[in-house]
Every structure is written in C-alpha cells, then in structure tokens.
Amino acid sequence: MEEKMFNLLDEPWLRVREPDGAVKLVSLLEALLGAHRFSGLAGELPAQDVAVMRFLLAVLHTVFTRMDEKGAEREFSLESEAVKQWKTLWEMRYYPEEPIKRYLEEYRDRFWLFHPARPFGQVPEAAAGTFYTSAKLNGELSESSNKVRLFPARTGKGKREVSMAEAARWILYLNAFDDTSSKPKGKDLPSPGAGWLGKLGLIYAEGNNLFETLMLNTVFLKDGKELWAEEEAPEWERKEARSAERTEISRPRNLAQLYTLQSRRILLQRENEAVTGYHLLGGDFFSPVNAFVEPMTIWAPVPQKGDTLPEFRPRRHDAGKQMWREFPSLFFTSEGTRLPGIVQWISYLEDKKLLERDRKLRFRIASVQYGDKDFFVTDVFSDSLSFHRSLLSELGAAWQVRIRAELDACNQAADAVYILERDIRRASGGSNVPATAKEQLYYRLDKPFRQWLESLNPEQKEMELEKKCLEWQETVCRVARQLGKELVEGAGSSAFAGRIYKEKEKEYYYSAPEAYRWFQYRINKIYNRKEG
C-alpha cells in the first residue's frame, strides 16, 4: 500500500519571489500567511503561476466565506457583507493565521501528494490510463515519447525525474493546461478537449505583492454584482473523488469548485524520493458557452440565428498581438460584448472607492498555445499592462471613447504601412507580401503606448484629454513615417523605376516614390494632417 508522503501544508513546494528578487520554496501555509512578504509567485512558467494562484484562491474563497478574520463562523446573506469582509482583509494587509490554519488542518489528510486512497489532485483509477514520463509532466519540456524537444531545457536525469516539490506544482499545471494527446480507456467516450484553462483567454489582476494579487482576484461578488449561487466547495472536500473517465458535469456554481476542477485523472509514479512519470485519463468537463462562473477569461460572441439571446464562449489570446492592442475589448463595455468577470469586479471595487486613490491597476494575460486539434503544446506566453484605476470608473468614460478611437486610428496607420510594403514589393517585381512592416510598427509603438497609457489620469484637473490624444497621434505619425522612409530607402533601384503589375485582368503601375506619396496621403488623412 502506498505510504503517506509529502504533505503540501508543511513541505516547501511553492516557488515565490522575495522583494530582493530571490526565489524561495515555501509550503502552502507559508505562502498564504506570508503572502504580504513576497513579491509574487515565481513558477517555471507564467501559466503555472496562474494554476497555482487559482489553487490558493480556492483555499481563500472557502476559508473567508465561512469564517471572518478572527476565525468566527459566518455566512454571507447580503452582498454588503461580502464586500465588508473583503475590505477588512484588504485593510489588514496580511492574511490572519487562525482561520486559515484551522481550515487547512481540518483537511490535512487531503493534502498528501502520495496517499493510499486520496493523493492530492490524483485518483488511483488513473493507473489504467496512458503513461507518460516526467519529461511530459514538466511543462518546460512537455515531451512525449513521439515528440522530443530539439533543444530541451533539461537533459539526462533532469528529464527522467522531477522532485516531489516540482511534481506538486506541475500537477496543478497539467490539470489546467493538458493537451489532448492522451487516449481514452473506454469506448465511445466524449472528448473533454484541452484542460479548462487551456481553453481560456486568461486575464487576472496583479498587485504590488502576493497578498495584493490574491486579494484583487478574490472575487466575492460575481461580476461585481451578486453573491455566488452556491457555497464554496473545493474538490478535496468531496467524500469520494470523482474517478470516472471523461465525465461531463454540470457547470460549477462556485469558484472553489471551478478552481479545483479535475480536468484530468492523474496518478503520479515515483521511485524513492523522485517522480519519474504519471498515468493519465480524461476527467471532468462542461460546456464553455455562457460559463460566466469563470471570471478570468475574455469572451467572444457565439453567432446567433434569429432573435435568440446572445451567447458567449471563452476566446483564446492571439499570440501575435500585444495586450495593449486589445485594450478596449478587455476593459471597455460596448454593445455585443462581455467584459471578463475580474475586470467587472475590479471596476466594482473602484466604484466603491475601496482602492487607494493613487493606485495603478495592472492586469496580466497568460496563454498556452496548442498545435492542431490541441494535440500538443507549441508555446506559452504572458503580457501585462498598467493604467490608472480611474480609467475604469465613470470619470474615465470619455477617455475610454478616445482611447478606443486612437487605437482604431493606429490600426489604420498599420494598414497604411502594410499597403506601402505591398506596393514597394510589387514595384520591385514581387507579389506575395508578408506583413512584416505592419508588425514592426506595432513593435515600435509598444513601449510608447504603454508609457502613454500609464500617464493618463482623468482625476487630474490639469490633464487635458485632447492634448494627451494629440501627443499620442504625434508619436504614431512620427514612428510610422520613419518606418515608411526606411522601407523606401531599402527598396532598391528596380522599385524606384517601377513596373506594371497585373491584377484581375487590369494593369497598374507601381513605383517606390509613388507608393510613398500615397502612404503619406493615407497617414495625413487618418490624423487630419495637411502635410508630412
């Protein structure tokens, strides 16, 4: 019989970053009770940090919807009670020891990484599933027997086994982001798809330390409007763990259940003190359409027929776009759209004046990118954006309109750069046009836009909306024109001479000077300039 080994409450396994930048391993209790002393999580991947954060949030949601900061039992019946509890914790600036220790000690037996009946995040029935080595468990490698990394982050023993601390972190990541490569044991079973977080366009709020990050993402009111439909119910509180393969379940109605969803049935394999691999089967899944219990995703409308009610499903991030290019769709309400629940919650905190006056908000996105049919992981990326809290308030409404308009104009400028690149290529005898210049413009505008956005503060009386917008427009014009000049200068003599280009049975003359003249015209028209 498997002996009990490695309890997550006591053993150091969570990677956190200290204020001086050093990375430290801490236990679950240390991470929560010392959250105010750590800058943030410091896992191997940004996506791993999200999976770990949601695990910590499941604990916090469960504890502080059942007990107050002193450990006295309580239950929210009114939205105001939930908000008062959040405010009390926020103003304490740290998590109280009594309620957290009392709760976790009650469920200590459910936090053994190895256990004869209830190993953490695992079920013994998974032993019948597909076996993978630890090189697949490690998300930095994500190697299977038929897909080996050409330049792996680890070699030799580092690929053959991982420590128990690493395995504990990676099991959370695997459950959240696993691909679809595993084979079912049973017949005619539905596919659960990628792990739940792998289906999302993840977005969450970041604070100045781990405590603030956890608190900002502690969403006591769904969409900042109402109490959650059910009491918090994390998976480890179940009398018996779900073990059936590929099980479609009802949509969760509380965050602790959602954050501990078992998308996979997993069973680790160890040799002595190291984990050498794992067995895996498909686990629980539910329909993502209108799954608004999920606060950490962006949404896309589902095409509708007739006058049916609008529906939405999670939309993954586009790895080719910087976060700022999607700023309006992430943070500003418009017809036919739905904002992420976490954005609505932070907006609520701002409206209730629960955030400090001088606070800047920082949001981060994270994404795991998959290959064909989500069969394997191809990339992991993350991005963040900071701006003044008042941009999400009623005071920032006029600014929201202008920011959206400025980004639309910026996209038009990028299209003008693309057309210039295309026309120069045609003038030199080419045809197919890679959009390299267009992406180069976005790259050159990346830092300037972030700096400009951070400089906006609708609460400052001397801050003039029109003046700040003109400032940004000047930046776009200057950067776009400089890029345009570089394209022309590098065009070559044949492009300056020009040539006839045939398209749809019609002939057109293209030359680099003519292309640049039209480029200048388009930029001037976009920004209402008389001359370049």
Side-chain angles (χ1 to χ4, degrees), residues 2 47-48 51 54 113-139 141-149 162 167-168 170-200 235-236 238-252 257-270 275-289 291 293-294 313-314 316 367-378 380:
E2 182 80 70
Q48 184 197 87
R54 287 166 68 102
L113 190 62
F114 292 96
H115 188 280
R118 288 291 294 272
F120 176 79
Q122 306 160 71
V123 291
E125 290 82 357
T130 305
F131 178 76
Y132 296 99
T133 67
S134 60
K136 183 73 159 55
L137 176 63
N138 184 332
L141 297 171
S142 192
E143 285 190 358
S144 62
S145 57
N146 60 359
K147 184 177 71 67
V148 180
R149 296 288 184 191
V162 298
W170 286 122
I171 202 172
L172 293 175
Y173 170 86
L174 178 70
N175 183 62
F177 292 100
D178 187 41
D179 57 36
T180 61
S181 61
S182 66
K183 297 178 181 179
K185 175 188 175 184
K187 294 182 178 180
D188 301 322
L189 292 174
S191 172
W196 174 246
L197 297 196
K199 300 173 182 176
L200 308 181
E235 286 296 316
W236 56 73
R238 285 184 173 276
K239 291 183 178 180
E240 294 184 6
R242 282 200 184 98
S243 59
E245 180 184 8
R246 300 193 173 202
T247 304
E248 184 168 8
I249 64 172
S250 299
R251 188 177 295 132
Q257 183 188 357
L258 175 71
Y259 290 167
T260 57
L261 177 75
Q262 299 299 290
S263 293
R264 296 294 185 264
R265 311 289 186 224
I266 305 168
L267 185 65
L268 296 177
Q269 174 180 289
R270 69 178 176 88
V275 174
T276 56
Y278 64 100
H279 296 270
L280 183 138
L281 291 168
D284 298 335
F285 67 98
F286 55 87
S287 171
V289 176
V293 65
E294 175 56 67
R313 65 183 305 126
R316 287 170 170 166
S367 180
V368 171
Q369 302 288 299
Y370 301 89
D372 185 45
K373 297 180 180 178
D374 295 349
F375 197 69
F376 53 91
V377 173
T378 59
V380 179

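Because the structure is a prediction, the values reported are computed rather than measured.
- Rounding to the nearest 0.5 Å places CZ of Arg242 at 4.5 Å from CD1 of Ile249.
- With rounding to the nearest 0.5 angstrom, the NZ atom of Lys199 is 7.5 Å from the CZ atom of Phe285.
- By the side chain to side chain donor-acceptor pair (under 3.5 Å) test, Gln262 is found to be paired with no residue, residues two or more places apart in sequence or in another chain being considered.
- Atoms CG and CG, on Leu280 and Leu268 in that order, are 10.5 Å from each other to the nearest 0.5 Å.
- Of all non-hydrogen atoms in Gly129 and Leu281, the two that sit nearest each other are CA-CD2, 3.4 Å.
- Scanning both residues, Phe286 and Leu258, for their nearest heavy atoms gives CZ-CD1, 3.9 Å.
- For Asp188 and Arg246, the salt-bridge test fails: no basic side-chain N is under 4.0 Å from an acidic carboxylate O.
- Judged by distance alone, the side chain of Arg316 and the main-chain N or O of Val368 form no donor-acceptor pair under 3.5 Å.
- Counting only distance, with no hydrogens or angles, the side chain of Arg54 and the backbone of Thr260 share no donor-acceptor pair below 3.5 Å.
- Smallest separation of non-hydrogen atoms from Thr378 and Gly371: CG2-N, 3.5 Å.
- Side chains of Thr276 and Gln269: a donor on one and an acceptor on the other come within 3.5 Å.
- Checked by atom type and distance alone, the side chain of Ser263 pairs as donor or acceptor with a backbone atom of Trp196 at under 3.5 Å.
- The only option from Asp179, Asp178, Asp284 that meets the salt bridge (Lys or Arg N to Asp or Glu O under 4.0 Å) definition with Arg264 turns out to be Asp178.
- Trp170 CH2 to Gln48 CD: the interatomic distance, rounded to the nearest 0.5 Å, is 4.5 Å.
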Starting from the C-alpha separation in whole Å, work towards a yes-or-no answer on side chain to side chain contact (heavy atoms under 4.5 Å, CB included) for Leu174 and Tyr278. CA-CA 11 Å; Leu174 178 70; Tyr278 64 100; 3.5 Å; yes
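- Between Val275 and Ser134 the shortest heavy-atom distance is O-CB, 3.7 Å.
- Here the closest heavy-atom approach between residue Gly121 and residue Ile266 is recorded as O-CB, 4.1 Å.
- Checking Ser181 against Tyr132 by side-chain atom types alone, a donor-acceptor pair falls below 3.5 Å.
- Minimum heavy-atom separation, Asn175 to Leu261: ND2-O, 2.6 Å.
- Summarising the geometry, atom CZ belonging to Arg238 is positioned 6.5 Å from atom CD belonging to Gln257; distances are rounded to the nearest 0.5 Å.
- One finds the CD atom of Glu125 at 11.5 Å from the CD atom of Glu245 (value rounded to the nearest 0.5 Å).
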Derivation and outcome, side chain to side chain contact (heavy atoms under 4.5 Å, CB included), residues Tyr370 and Thr180: CA-CA 10 Å; Tyr370 301 89; Thr180 61; over 6 Å; no
